[in-house]
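Here the structure is laid out as structure tokens; the discussion comes afterwards.
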Number of protein chains: 2
Amino acid sequence: MAKAPKMTDIAKAAGVSPMTVSRAFKSDASVGKKTREKILKIAEELGYVFDSTASNLRSQKSGFVAVTIPSLNNANFADTIRGLTEAMRDKGLQVLLGYTDYSIENEERLIEQLLRRRPEAIVVTGGRHTERGKRLLENAGIPVVETWDLPEDPVGHTVGFSNADAMGQMVEHLHAAGARSLAFIGGDDNGDTRGADRRRGFVDKARALKLEYRLVSLGKPPVSMREGALAMAEILASDPRPDAVLCVSDLAAFGALTECQRRGISVPDDIMLAGFGAFDLSEITVPSLTTVDAHAYDIGEKTGALLADRLRGELSDDASPEIVRISPTLKVSRSTAKR
Amino acid sequence: MAKAPKMTDIAKAAGVSPMTVSRAFKSDASVGKKTREKILKIAEELGYVFDSTASNLRSQKSGFVAVTIPSLNNANFADTIRGLTEAMRDKGLQVLLGYTDYSIENEERLIEQLLRRRPEAIVVTGGRHTERGKRLLENAGIPVVETWDLPEDPVGHTVGFSNADAMGQMVEHLHAAGARSLAFIGGDDNGDTRGADRRRGFVDKARALKLEYRLVSLGKPPVSMREGALAMAEILASDPRPDAVLCVSDLAAFGALTECQRRGISVPDDIMLAGFGAFDLSEITVPSLTTVDAHAYDIGEKTGALLADRLRGELSDDASPEIVRISPTLKVSRSTAKR
DNA sequence: ATAGTTACGGTTACCGATACCAATACCTGA
DNA sequence: TCAGGTATTGGTATCGGTAACCGTAACTAT
């Protein structure tokens with residue numbers, strides 16, 4: 001096979017200048033309709049594939065939006081990515097994704113690696129970064145969006161919510177449902193700042209309401225189903241048993257629920273149980289789980305819309321940074337039904 | 001803020017030629033150790049970030065490996081991506097990810113879009129493509145890997161397994177466990193070729209073993225928890241009831257399991273239940289689910305290793321295409337325990 | 001001391017599309 | 001028919017690195 005044709009080859013074959021071919025491949029450029037069709041037809045016949053590396057260099061536009069998430073393996077973040085992708089797709093913006101495994105040191109490396117690709121904007125999950133990571137973001141010269149959080153000192157734009165407040169709401173709900181002693185299942189502090197914020201929200205509200213509470217922390221984030229089960233085993237062995245157990249995520253809550261099933265403990269009659277994140281399984285479990293819907297898809301979509309406006313729309317990014325507050329929804333369900 | 005420094009700025013500041021700076025940023029190039037350190041230090045001070053768009057164009061190496069998966073929101077594919085990413089990370093290869101939503105028409109568009117970025121290789125999930133999609137892959141001039149399948153007529157390399165055979169194994173297991181009539185829960189045919197293959201394997205083996213069987217198909221792929229529950233409701237309403245229900249994935253199986261719980265039907269005593277994919281929840285449910293572990297992470301890791309060898313190692317890609325067979329493991333668990 | 005070898009840094013010409021500027025074709029109305 | 005305008009097309013320099021090649025210094029062996 002000969003080597004891949006380039007624009008000049010198409011131009012020659014079509015009897016036009018390379019410049020005209022270039023324009024034919026841009027949707028908004030002014031080229032005669034017939035000319036464009038002819039060029040695209042010839043390009044298809046010759047198997048030409050547009051080379052965006054060259055385009056990127058000359059136009060100083062990569063069409064990339066870099067995104068870091070803690071983990072691929074999490075339906076919440078996956079939903080955010082979907083929302084983001086879909087909000088930007090028809091503006092010719094493409095997501096360049098990397099994951100940090102819940103480590104801000106990894107995040108720092110990842111940010112640097114991603115910036116080398118010259119993204120037009122960068123979206124990060126969470127508002128805590130290494131010092132150098134933050135500096136990289138600040139100096140990148142492109143719009144920055146922090147998501148899934150409301151940082152005290154944001155780098156740029158923000159699309160998120162207070163994890164602490166959301167968990168506080170959950171505590172209030174359980175209080176109203178009659179619980180007077182609570183337990184919280186979460187991971188160690190390191191890494192998952194959203195998890196840590198949720199725990200803080202739990203503690204603060206439990207104190208404010210003068211509820212008894214205890215914390216069960218197990219392992220590194222992400223706290224998963226197995227850890228949830230282990231933590232619940234520990235809680236069920238304790239005396240007195242708390243009235244309700246709150247979990248850092250639905251996955252942990254589901255693990256906890258199965259442990260109850262294994263021991264013949266009834267949820268919510270013997271103990272109430274709540275999760276966080278509105279994962280699919282929360283609606284399906286028996287009983288279904290009370291949880292917090294953080295509107296993960298919306299976070300992505302709103303972030304995408306914000307960036308599309310600034311990169312391809314009217315707005316310039318010189319203006320003041322925007323803060324888009326997402327209001328998590330408390331989804332009350334069977335697992336915390338009042339006795 | 002002044003505009004971003006480039007290599008020549010670093011060169012000037014360090015008193016060396018741009019070429020030396022360029023080499024200092026490549027790990028294997030020959031530059032004096034002290035020179036390199038000085039250059040990197042100055043670069044850091046000036047806030048220089050390497051521009052790979054320019055590098056890509058001149059060196060004709062993007063460092064990208066393009067990957068298409070049906071859905072982000074699936075732990076199996078996420079595991080494959082993790083394996084792939086990790087196998088290639090230290091070779092300087094980065095995953096450029098896109099999802100198809102289980103549509104080969106979307107896949108075609110996505111392939112074209114990804115090829116514009118000049119990836120050094122492309123990895124696709126599944127062995128069925130549109131005609132044009134296949135042609136794009138064939139003419140891309142880069143290594144192609146099809147995964148999660150064993151196509152009859154592969155485009156390039158293959159890292160996968162036979163979904164039909166794996167499901168056949170499951171039928172054999174249930175036969176051995178005493179089941180004589182079976183049901184299969186899956187989606188419609190369109191799109192999810194792996195799902196369709198699993199169903200085919202189910203039917204073929206059930207016939208070979210002279211078992212009674214029926215198929216329950218619900219909705220577009222991916223078949224999820226809710227559909228699993230609906231399908232199980234339909235099955236439980238039928239008379240006579242099958243001895244065992246096999247599902248296209250663990251998620252559907254979990255939905256089915258919860259429906260049994262809701263109705264007070266015991267698994268496996270009243271009906272046996274099996275899933276596919278070895279998702280985390282299969283180990284945690286009560287009872288735990290018999291499933292097939294397709295070794296999703298391995299698929300990614302082996303694909304990554306194969307590509308790293310060809311792109312950064314000894315092997316050239318001129319040689320014959322490789323077929324890496326993955327052997328799925330049947331994980332027998334409580335949900336199909338013999339009565 | 002000299003040739004031969006290695007290690008390092010420098011010079012130049014690109015990679016392939018597009019910004020920028022200019023030119024030409026085409027159309028409208030007087 | 002022609003001026004004046006719009007729509008479409010063309011020529012050229014250039015984006016920021018690096019391949020390919022070259023020159024020189026340092027070191028080794030004889």
Side-chain angles (χ1 to χ4, degrees), chain A residues 2-40 42-43 46-64 92 113 115-120 141-142, chain B residues 2-40 42-43 46-64 92 113 115-120 141-142:
Chain A
K3 66 169 170 293
K6 54 177 97 165
M7 238 180 216
T8 44
D9 300 321
I10 309 304
K12 224 164 287 173
V16 297
S17 80
M19 208 45 239
T20 304
V21 179
S22 171
R23 279 190 275 254
F25 275 91
K26 301 194 64 164
S27 49
D28 60 336
S30 70
V31 197
K33 203 178 160 212
K34 282 175 61 183
T35 317
R36 165 174 281 140
E37 277 166 12
K38 181 173 147 202
I39 289 172
L40 293 181
I42 289 175
L46 298 183
Y48 172 71
V49 178
F50 184 90
D51 187 337
S52 57
T53 54
S55 169
N56 295 168
L57 177 59
R58 176 66 241 232
S59 67
Q60 302 288 45
K61 281 188 183 162
S62 63
F64 277 135
Q113 200 184 31
L115 288 178
R116 290 178 164 210
R117 301 281 182 186
R118 292 293 184 267
E120 299 185 41
I142 53 177
Chain B
K3 66 169 170 290
K6 54 176 98 165
M7 240 182 213
T8 44
D9 299 323
I10 309 304
K12 222 164 289 175
V16 297
S17 80
M19 204 52 234
T20 304
V21 178
S22 172
R23 279 191 273 255
F25 275 92
K26 302 193 63 166
S27 49
D28 60 336
S30 69
V31 197
K33 201 178 161 209
K34 281 175 61 182
T35 315
R36 164 172 284 140
E37 277 167 10
K38 182 174 147 202
I39 290 172
L40 293 181
I42 289 175
L46 297 183
Y48 172 71
V49 178
F50 184 90
D51 186 336
S52 58
T53 54
S55 169
N56 295 167
L57 178 59
R58 175 66 237 226
S59 66
Q60 303 287 48
K61 280 188 182 161
S62 63
F64 277 135
Q113 200 183 33
L115 287 179
R116 290 178 164 212
R117 302 280 182 187
R118 292 292 185 268
E120 300 184 42
I142 53 176

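Order of the sequence lines sets the chain letters (A, B, ...), proteins ahead of strands, with each chain counted from 1.
Partners of B:Phe25 by ring pair (Phe, Tyr, Trp, His ring centres under 6.0 Å), not counting sequence neighbours, listed by chain and number: B:Tyr48, B:Phe50. Residues satisfying the side-chain hydrogen bond (donor to acceptor under 3.5 Å, both in side chains) test with B:Thr53, not counting sequence neighbours, are B:Asp51. Checked against side chain to side chain contact (heavy atoms under 4.5 Å, CB included), B:Val16 has the following partners two or more places apart in sequence or in another chain: B:Ala14, B:Thr20, B:Val21, B:Thr35, B:Ile39. The side chain to side chain contact (heavy atoms under 4.5 Å, CB included) search around B:Ser62 returns B:Asn56, B:Phe64, B:Glu120, not counting sequence neighbours. By the side chain to side chain contact (heavy atoms under 4.5 Å, CB included) test, A:Lys12 is found to be paired with no residue, residues two or more places apart in sequence or in another chain being considered. Remark: B:Gln113 pairs with A:Gln94, B:Leu110 by the side chain to side chain contact (heavy atoms under 4.5 Å, CB included) rule, at least two apart or across chains.
Among the atoms of the strands shown, only primed sugar atoms or phosphate atoms (P, OP1, OP2) are found under 4.0 Å from some heavy atom of B:Met7. Using a 4.0 Å heavy-atom cutoff across all strands shown, B:Phe25 reaches no nucleic acid atom at all.
Interface residues of residues 10-18 of chain B facing DNA chain C, ordered by number: B:Val16, B:Ser17; criterion, heavy-atom separation under 4.0 Å. Within residues 55-63 of chain A, the residues that place at least one heavy atom under 4.0 Å from DNA chain D are, in residue-number order, A:Leu57, A:Arg58, A:Gln60.
Following rounding to the nearest Å, A:Lys34 (NZ) and D:dA7 (P) show an atom-to-atom distance of 19 Å. Here the P atom of nucleotide D:dG16 and the CZ atom of B:Phe50 are 13 Å apart, to the nearest Å. The interatomic distance linking A:Lys33 (NZ) with D:dT8 (P) rounds to 12 Å, in whole Å. In this entry the distance linking CZ of A:Arg118 with P of D:dG16 reads 9 Å, nearest Å. Computed from coordinates, the A:Arg116 CZ to D:dG17 C1' distance equals 12 Å when rounded to whole Å.
Of all the heavy atoms in B:Ala13 and B:Leu46, the pair that sits closest is CB-CD1, 4.1 Å.
Residue-to-nucleotide proximity on DNA chain C shows that, of B:Met19 and A:Tyr48, the 5′-proximal contact is made by B:Met19. Where A:Pro5 and B:Gly32 meet DNA chain C, the nucleotide closest to each residue was compared, and B:Gly32 sits on the side nearer the 5' end.
For DNA chain C, the contact window with chain B, defined by any atom under 4.0 Å from a protein heavy atom, covers C:dC8 to C:dG16 in 5' to 3' order.
In this structure, CE on B:Met7 lies 10.5 Å from OG on B:Ser17, to the nearest 0.5 angstrom. Rounding to the nearest 0.5 angstrom, the gap separating the OG atom in B:Ser52 from the CZ atom in A:Arg116 is 7.5 Å. Rounding to the nearest 0.5 angstrom, the gap separating the CZ atom in A:Arg118 from the CD atom in A:Gln60 is 8.0 Å. In this structure, CG on A:Leu40 lies 10.0 Å from CD1 on A:Ile10, to the nearest 0.5 angstrom.
A sub-4.0 Å separation between OP1 or OP2 of D:dT9 and a side-chain N or O of A:Thr35 is present.
Although no hydrogens or angles enter the test, the distance criterion places a donor-acceptor pair under 3.5 Å between the side chain of B:Arg36 and the main chain of B:Ala24. Put simply, the side chain of B:Ser22 never gets that close to the backbone of B:Pro18: no donor and acceptor are under 3.5 Å apart.
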Is there any protein nitrogen or oxygen under 3.5 Å from a nitrogen or oxygen in nucleotides 21-28 of chain D, and what are the pairs?
none

